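What follows is a single structure, written as structure tokens, with notes after it.
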Amino acid sequence: MAPSNALTPPSEDFPRWYQDVVASAEMADNGPVRGTMVIRPYGYSIWERIQRELDDRIKAAGAQNAYFPLFIPESYLAREAEHVEGFSPELAVVTHAGGEDLAEPVVVRPTSETVIGEFMAKWIQSYRDLPLLLNQWANVVRWELRPRLFLRSSEFLWQEGHTAHATAADAAAYARRIHLEVYYDVIASIMAVPAYVGIKSPRERFAGAINTLTCEGMMRDGKALQMSTSHELGQNFARAFDIVFQSEAGPSAHCHTTSWGASTRLIGGLIMAHGDDRGLVVPPRLAPIQAVVIPVRDEPDVVEVAQRLVDELRGAGVRVTLDAARGSFGRRVTDWEIKGVPVRVEVGPRDLAEGRVTIARRDDEAKEPVALAAVSGRVRSLLEEIQASLFDEATRRRDAATTDVVDLDAALEAAETGFARLPWAVVGAEGEARLNAKAVTVRCLQRPDGTTPDSPDEPDLVALVARAY
RNA sequence: CGGGAAGUAGCGCAGCUUGGUUAGCGCGCCUGGUUUGGGACCAGGAGGUCGCGGGUUCAAAUCCCGCCUUCCCGACCA
């Protein structure tokens, strides 16, 4: 029978479904100020998992965490012409503080290239100070015209890495390393999203960058979501902020800098890449709660076994929780389905009489009886199976919704339902403008084998185009 | 910011056209009881300056004006 407060089916109204999931899974609420977001504990616990996976890899890549101020002098932004042009429409500016008008307005950071550049200039003197590899976890503010929880909020949480290098080659290699070893790895192996990796067209590049690398995820409605970016900034910011070092041979030179970021938008990507009619689906490696043990009836011996299984699973390294004495069995099951918990261990008197429990997986809702003694082993193997299966399924959907075409008209048609792939030479700057007029954008450029090119000018590149969030 | 829709209890809505006493309904919430193998049931209860401001009127959720907010589509973006 149809529950009265069911989610809107995604096939019927995908944006509505997205909002329903965000609300029902207790991920986030709208804040009181337009476009702001309250991240609720469950949503935040997913963010903490993402943070941890990213942070571990960022540190493995040699970068160190630091923190720079929220407030940036307005004049800093103006020092890099393209940068200020790109960001000024969405800046929040403080003009009044401490009871009086400020002599110089203060910008609430939309990103920190400028303020970090200023300090890099102070800290870097010699080639021995390079590379300087910094990262910060912070909130940033961009006054977006059309906010949407997680996908585009006026304030969002992210990490932003900023590095300075002696040579263009070193900077390019580092940006690429972050792109692949941090972002793609977390997105693919933890979030189970088979993102397309590539570089942005010059038109889509970050304001002030000479090259932008991107991970483009495909959502279940066929639209693209930029899930991370990694920029080569050339010497643009080094010149604007005098980030200069003296080389081993003697002469001074401007550094080559990079910046790279991933944000709470990833949570929106998670929802839209894996979610289904029943709600969120969280891949096991990402899940804050990997398994929930549910006593079918609130009877002492049943709850006791359930508690014992929780302890055993926790001891086996599974992130597990017990859900007892809280309403009907059906209610509890559906609540955890909406939250996307990968595995449910259902403990009932009938099963227990036969020395077993029922284990259900969230991704395909298959159920199987498992002997009590085998529970933790089976849960752990199931978590691995689900992780792999989610990635495989998402890859299958991605490939099915990616169409190879030969001209712009066919690309526009294919972009109605997914991605189109065509030679970059066929698109060009004029073709890109034509696509943009129909709300279709060049998501990324790839080599024919799918790897990430060094420059849009490489021969034989292919363009992936799509509608995007 | 342009086009469209909507603001009435925590959420979703009805009531408005044709102004009129204590503004209803479903879900949720509280209390008690019975329940619990897929979104439980019964009984009792709490909860609303009808988005904000102004106007018309004996009387405004209802009519008029202005503003704000939210959602959808577009341009911008992580």
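Each chain gets a letter, A, B and so on, in the order the sequences are listed, and its residues count up from 1. Values in this document were obtained by computation on a predicted structure and should not be read as measured data.
Base pairing analysis places B/A6 opposite B/U69; the two distances defining the Watson-Crick or G-U wobble pair are each below 3.5 Å. B/C1 is paired with B/G74 under the criterion used here, namely a Watson-Crick or G-U wobble arrangement in which both key atom distances are under 3.5 Å. Searching all strands for a Watson-Crick or G-U wobble partner of B/C41 with both distances below 3.5 Å returns B/G33. Across all strands shown, B/G12 forms a Watson-Crick or G-U wobble pair, both distances under 3.5 Å, with B/C25. The partner of B/G19 is absent, by the rule that a Watson-Crick or G-U pair needs both atom distances under 3.5 Å.
Using a 4.0 Å heavy-atom distance criterion, A/Pro349 is classed as a base contact. Using a 4.0 Å heavy-atom distance criterion, A/Gly348 is classed as a base contact. Among the protein residues, A/Leu352 comes within range of no part of the nucleic acid, since none of its heavy atoms lies under 4.0 Å from any strand. At the heavy-atom level, A/Arg265 lies under 4.0 Å from base atoms of the strands shown. Backbone-only engagement by A/Asn436 is indicated by non-hydrogen atom pairs under 4.0 Å involving sugar-phosphate atoms exclusively. Among the heavy atoms of the strands lying under 4.0 Å from A/Arg148 are primed sugar atoms or P, OP1, OP2 only; no base atom is included. Counting non-hydrogen atoms under 4.0 angstrom, A/Arg326 reaches nothing in the nucleic acid. Here A/Ser153 lies in heavy-atom contact (under 4.0 Å) with a base. Within the nucleic acid shown, A/Gln19 comes within 4.0 Å of sugar-phosphate atoms alone, with no base atom in reach, counting heavy atoms only. At a threshold of 4.0 angstrom between heavy atoms, the contacts of A/Glu365 include nucleobase atoms, whether or not backbone atoms are also involved. Within 4.0 Å of A/Thr358, counting heavy atoms only, lies at least one base atom of the nucleic acid.
In this pair, A/Trp158 and A/Phe156 present their aromatic rings perpendicular. The plane angle is above 60°, beyond the 30 to 60° band. Note: A/Phe419 and A/Tyr196 have tilted aromatic rings, judged against thresholds of 30 and 60 degrees for the angle between ring planes. Relative orientation of the A/Trp137 and A/Trp47 rings is perpendicular, given thresholds of 30° and 60° on the angle between their planes.
Across the protein-nucleic acid pair, A/Arg205 atom CZ and B/A78 atom P stand 14 Å apart, rounded to whole Å. In this structure, A/Tyr469 atom OH and B/G74 atom C1' are separated by 15 Å, rounded to whole Å. One interatomic measurement links the two molecules: CD of A/Glu216 to P of B/A78, which rounds to 10 Å at whole-angstrom precision. Rounded to whole Å, atom P of B/C11 lies 14 Å from atom CG of A/Asp20. Taking atom CZ of residue A/Phe14 and atom P of nucleotide B/C71, one finds them 17 Å apart after rounding to whole Å.
Considering A/Gln159, A/Glu160, A/His162, A/Lys59 in turn, A/Gln159 is the only one that fulfils the side chain to side chain donor-acceptor pair (under 3.5 Å) rule with A/Asn135. The only member of A/Arg362, A/Arg361, A/Lys367 that meets side chain to side chain donor-acceptor pair (under 3.5 Å) when paired with A/Asp364 is A/Arg361.
Within the cation-pi definition used here (under 6.0 Å to the ring centroid, within 45° of the axis), A/Arg177 does not qualify as a partner of A/Tyr174.
When each of A/Val333 and A/Phe87 is assigned the nucleotide of RNA chain B with its nearest heavy atom, A/Val333 is the one assigned upstream, toward the 5' end. Between A/Glu337 and A/Glu204, the residue anchored closer to the 5' end of RNA chain B is A/Glu337, taking for each the nucleotide with the nearest heavy atom.
The side chain of A/Ala439 approaches B/G74 more closely than any other nucleotide in the set B/G37, B/G74, B/A40.
Residue A/Ser328 has a polar side-chain atom (N or O) positioned under 4.0 Å from OP1 or OP2 of B/A40.
Only the C1' atoms considered, B/G20 is 11 Å distant from B/U62, to the nearest whole Å.
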